[in-house]
Amino acid sequence: EAGVVQSPRYKIIEKKQPVAFWCNPISGHNTLYWYRQNLGQGPELLIRYENEEAVDDSQLPKDRFSAERLKGVDSTLKIQPAELGDSAVYLCASSRLGRAYEQYFGPGTRLTVT
Amino acid sequence: SQQGEEDPQALSIQEGENATMNCSYKTSINNLQWYRQNSGRGLVHLILIRSNEREKHSGRLRVTLDTSKKSSSLLITASRAADTASYFCATDLPTSYDKVIFGPGTSLSVIP
């Protein structure tokens, strides 16, 4: 079984530039999560999808962040414009519906904003 | 806001020794999970313990849960260099459907 795939693995951009991250979850996993992980901290949820519906985006900074999950499979997280404080690792995870207690994580995208 | 807090923040032991890390949380939970994160990698689910369970084992891992103290411990026996990683506890709450909150983690170094 293939794991959660994320790309790119690393991204360096200048502030005010846009950036996008892509995630392909495990086949059959209806729930998809985007997390942000700052250095030395645990992941913090940005948005959770059930199929194509964003059911929890309360922690997503909507002025600059957006996400979509077309057709309920792949997902894209976008930041526009990026700020210095957005430097972090962005993790995508997936799980079967109703099984948030067993999530499978991708390797993450390490974003550096200069 | 973080529900769980791991203790210690960092731990360094010799290979073969046991490693114990603790997690305390603030409010009632449905389940508590432990995850491992190797450097530069995503998190890997290690073990789940439900609120009505007190102890679970998986290989060299032993997890306990004390709901009266709102705490859990993860014991790794006979540690190996490959166990070097960060370990996170995560809790899901009865009031927050399908939402899991991670603690800040314990960084474990196992010295060969």
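So that the names make sense, note that chain A is the first sequence line, chain B the second, and so on, each numbered from 1.
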Item to check | Positions in residues 10-19 of chain A that reach chain B, provided some heavy atom is under 4.5 Å away | outcome: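 The stretch does not come within 4.5 Å of chain B.
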
Are [Y] and [X] co-members of a hydrophobic cluster defined by side-chain heavy atoms under 4.5 Å apart?
{"X": "A/Tyr90", "Y": "A/Leu45", "result": "no"}
{"X": "B/Ile101", "Y": "B/Leu32", "result": "yes"}
{"X": "A/Phe105", "Y": "A/Tyr33", "result": "yes"}
{"X": "B/Leu46", "Y": "B/Met21", "result": "yes"}
{"X": "A/Tyr35", "Y": "A/Leu32", "result": "no"}

Checklist entry - How long is the span from the CD atom in A/Glu102 to the OH atom in B/Tyr35, to the nearest 0.5 Å? => result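 With rounding to 0.5 Å, CD (A/Glu102) is 7.5 Å from OH (B/Tyr35).
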
Next on the checklist: Just checking A/Leu39: does its CG atom have more than 12 heavy atoms from other residues, nucleotides or ligands closer to it than 6.0 angstrom?
Outcome noted: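 Atom CG in A/Leu39 is not packed in, count stays at 12 or less.
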
Item to check | Heavy atoms of other groups near A/Lys71 NZ, more than 12 under 6.0 Å | outcome: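 At most 12 heavy atoms, drawn from other residues, nucleotides or ligands, come within 6.0 Å of this atom.
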
Checklist entry - chain A contacts: which residues in residues 65-87 of chain B have a non-hydrogen atom closer than 4.5 Å to it? => result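 Residues qualifying by a heavy atom under 4.5 Å from chain A are absent, so none.
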
Item to check | Region of B/Leu48 that comes under 4.5 Å of a non-hydrogen atom in chain A | outcome: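 The answer is the side chain of B/Leu48.
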
Checklist entry - Between B/Gln9 and chain A, which part of the residue has a heavy atom less than 4.5 Å away: side chain, backbone, both or neither? => result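 For B/Gln9, there is no contact with chain A at all, as no heavy atom is under 4.5 Å.
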
Next on the checklist: Under the rule for ring pair (Phe, Tyr, Trp, His ring centres under 6.0 Å), what residues qualify as partners of A/Tyr101, not counting sequence neighbours?
Outcome noted: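 Partners of A/Tyr101 under the ring pair (Phe, Tyr, Trp, His ring centres under 6.0 Å) test: none.
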
Item to check | B/Gln33 and A/Gln103: side chain donor to acceptor below 3.5 Å | outcome: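 No - no donor-acceptor pair under 3.5 Å links their side chains.
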
Checklist entry - Do you know the tightest heavy-atom contact between A/Ala100 and B/Val100? => result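 Closest approach of A/Ala100 to B/Val100: O-CG2, 3.2 Å.
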
Next on the checklist: Using heavy-atom distances under 4.5 Å, tell me whether A/Arg99 contacts chain B through its side chain, its backbone, both, or neither.
Outcome noted: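 For A/Arg99, backbone heavy atoms alone lie under 4.5 Å from chain B.
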
Checklist entry - What part of A/Gln37 lies closer than 4.5 angstrom to a heavy atom of chain B: side chain, backbone, both or neither? => result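 When you check distances to chain B, only side chain atoms of A/Gln37 fall under 4.5 Å.
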
Item to check | Residue pairs passing the side chain to side chain donor-acceptor pair (under 3.5 Å) test where at least one lies in residues 39-50 of chain B, sequence neighbours excluded | outcome: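 The answer is B/Asn31-B/Arg50.
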
